[in-house]
Protein chains: 2
Amino acid sequence: MSQRAPLTRERIIETALHLIDGQGLGRLTMRRLGDSLEVEAMAIYHHLPHGKEQLLEQLIAYVAAQPVPPGAGTARERLRSWAGGYRDRLVEHIGVMPLIVTRRNPGALLATTQSVQDLLRTAGRTEAEAAVGAHTLLGYLLGTVALEGREHATETTPDLDRDDRFLAGLDNVLTAIAS
Amino acid sequence: MSQRAPLTRERIIETALHLIDGQGLGRLTMRRLGDSLEVEAMAIYHHLPHGKEQLLEQLIAYVAAQPVPPGAGTARERLRSWAGGYRDRLVEHIGVMPLIVTRRNPGALLATTQSVQDLLRTAGRTEAEAAVGAHTLLGYLLGTVALEGREHATETTPDLDRDDRFLAGLDNVLTAIAS
DNA sequence: ACCTGAACACCGTTCAAGT
DNA sequence: ACCTGAACACCGTTCAAGT
C-alpha cells in the first residue's frame with residue numbers, strides 16, 4: 001500500500017548523513033544504509049556505481065562545500081560571519097569531520113578555501129598574503145572543530161565557553177590575516 | 001634457527017606505525033599486523049587485551065604527545081620552534097592524523113595543549129587568554145597539517161611553498177597569541 | 001532500468017586448546 | 001604465560017538473475 005519514495009542519489013546521501021549524525025560514522029555500512037532506505041544494500045550501487053568510496057565523497061561535498069557568499073561589509077566582517085556559519089555546519093555534522101579532514105577531496109574544500117582567498121585578494125592583499133590567510137583561517141576552523149569533536153565525548157567544557165573560546169580565537173586569526 | 005624478537009607492546013606499536021607510514025591507515029588490520037610481526041593475529045590480544053581500539057589509542061599517544069619542552073627564550077621563540085618540530089612529527093606520521101583528529105583521546109593531546117597553555121600563563125597571560133591561545137595554536141597546527149595531508153595526494157604545491165605558507169601562518173597566529 | 005539473492009574475500013574478536 | 005586454530009558475526013562488492 002504505502003509507496004516507498006523512489007531511491008535517488010539525493011535520498012541516499014541524506015539518509016546516510018542522518019545515520020552518521022545519529023549513530024556515528026563507524027556505524028555507516030552499506031547494509032545498514034540499505035535497511036534505512038528499506039532496500040537491499042546492493043540497490044545502492046545502481047545509483048552510486050563506485051560504492052562506498054563515492055558515497056563518502058558526496059558526503060564531504062555536501063558538508064564542506066560552503067564558500068563565502070557575496071555581500072557587503074569589510075573583509076573582516078564578512079569572514080567573521082561566514083566562519084561562524086561554517087563552524088555551525090561542521091559541528092552539526094561532526095561525524096563527517098573525520099572524512100573532511102582525512103580524505104583527499106580536491107573539490108569540496110578547495111572551492112571553500114579559494115573563496116576565502118579571493119575575498120582577501122579583492123580586499124587588497126597580495127596573492128601570497130591571501131593564500132597564507134586562507135590557509136590560516138581554514139586551518140584554524142578545521143583544527144578547532146576537530147578538537148571540539150574530541151571534547152564532546154569527555155564533556156569537560158560547557159558549550160558557551162566553547163563558543164567564546166572559538167570566537168576569541170577567531171578574532172585572533174582575523175586580526176592576523178584581515179586586520 | 002633465527003630466534004624471533006619477543007612480542008612486546010612496544011614492538012607491536014612500532015610495527016603498526018611502520019605499516020601505517022608505508023601503506024596507510026586503511027591497510028592496518030590485525031591480521032596484516034600479525035603477519036608483519038611473524039605471529040598469528042590473535043597473539044596480539046595477549047599484549048593488548050582491548051584489541052584494535054587499544055592499539056589505535058597507543059598510536060595516538062605515541063605521535064601526538066609531545067609537550068613544549070622547558071627552555072630559555074621568549075614565549076614566542078619557544079612556541080615557534082616547538083610548533084615546527086610538532087608539525088614535522090605529525091607530517092612524518094601523517095597516516096595517524098585521522099586518528100588524532102578524530103578519536104576522543106583525552107590524554108595525548110590534552111597534555112600537549114596543556115603545556116602550551118602553561119607556557120602562555122607563565123609568560124604573563126591571563127588564564128582565559130592562555131586557554132584561547134593554546135586552542136588557537138593547536139587548532140592551527142592540526143588543521144593545517146590535515147589540509148596538507150589532503151594535498152599530498154593531488155601534489156599541487158611544492159614542499160618548500162608549503163613550508164613557507166606554514167611558517168607565515170604560524171607567525172600570524174603567534175603574533176595574535178604571543179606577540 | 002532498477003532491484004534482489006547468493007556468493008566471495010575479507011574484517012575484528014572469542015574461545016578452547018596446545019606448549 | 002604465551003601463542004595457535006577454528007569459528008562467529010560482521011564487512012564491501014561482484015555477478016547472475018529477476019521484474
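Protein chains get the first letters and strands the later ones, always in sequence-line order, with residue 1 at the start of each.
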### Query
Of the nucleotides D:dG12, C:dT4, C:dC11, which one has an atom closest to the side chain of B:Arg32?
C:dC11

### Query
Got a donor-acceptor contact below 3.5 angstrom from the A:Arg121 side chain to the A:Arg125 backbone?
yes

### Query
Once you round it to whole Å, what is the distance between P of D:dC8 and CE of B:Met30?
21 Å

### Task
Measure the distance from CG on B:Leu37 to C1' on D:dC2 and round it to the nearest whole Å.
14 Å

### Message
Is there a salt bridge (Lys or Arg N to Asp or Glu O under 4.0 Å) between A:Glu148 and A:Arg87? Walk through the geometry before answering.
### Response
CA-CA 11 Å; A:Glu148 281 182 43; A:Arg87 171 180 180 252; 3.0 Å; yes

### Query
Can a salt bridge be assigned to the pair B:Glu53 and B:Arg103 using a cut-off of 4.0 Å between side-chain N and carboxylate O?
yes

#### Entry: Nucleic acid contacts of residues 22-29 of chain B, taken as heavy-atom distances under 4.0 Å to DNA chain C
B:Leu28, B:Thr29

### Task
Remember a base hit wins even if backbone is also touched, and classify A:Met42 as base, sugar-phosphate or nothing at under 4.0 Å, heavy atoms.
base

### Query
Any side-chain donor-acceptor pair under 3.5 Å between B:Arg76 and B:Thr175?
yes

### Query
Any idea which heavy atoms bring A:Ile44 and A:Gly34 closest together, and the distance?
CD1-N, 3.9 Å

### Message
Using modelled atom types and a 3.5 Å cut-off, is there a donor and acceptor pairing between side-chain atoms of B:Tyr62 and backbone atoms of B:Ile13?
### Response
no

### Query
NZ of B:Lys52 versus P of C:dC10: gap in Å, rounded?
15 Å

### Query
Tell me: CD of A:Gln54 to P of D:dG12, nearest whole Å?
15 Å

## Note on the structure
Shortest non-hydrogen pair, A:Ser36 vs A:Thr15, comes out as CB-CG2, 3.6 Å

### Query
Considering heavy-atom distances to DNA chain D, does B:Leu7 or B:Arg31 have its closest nucleotide positioned more toward the 5' end?
B:Leu7

### Message
From CD1 of B:Ile44 over to P of D:dA1, roughly how many Å is that when rounded to an integer?
### Response
20 Å

### Query
Side chains of A:Leu147 and B:Leu109: does their closest heavy-atom pair fall under 4.5 Å?
yes

### Message
I need the CZ-P distance between B:Arg9 and D:dC2, as an integer number of Å.
### Response
13 Å

### Message
Quick check against the 3.5 Å criterion: does B:Tyr86 have a side-chain atom that pairs as donor or acceptor with the backbone of B:Ala64?
### Response
yes

### Message
Rounded to whole Å, please give me the gap between NE2 in A:His50 and P in D:dT13.
### Response
11 Å

Enumerate the protein-to-nucleotides 16-18 of chain D contacts in which both atoms are nitrogen or oxygen and the separation is below 3.5 Å.
none

### Query
Is the shortest side-chain N/O distance from A:His46 to OP1 or OP2 of C:dT4 below 4.0 Å?
no

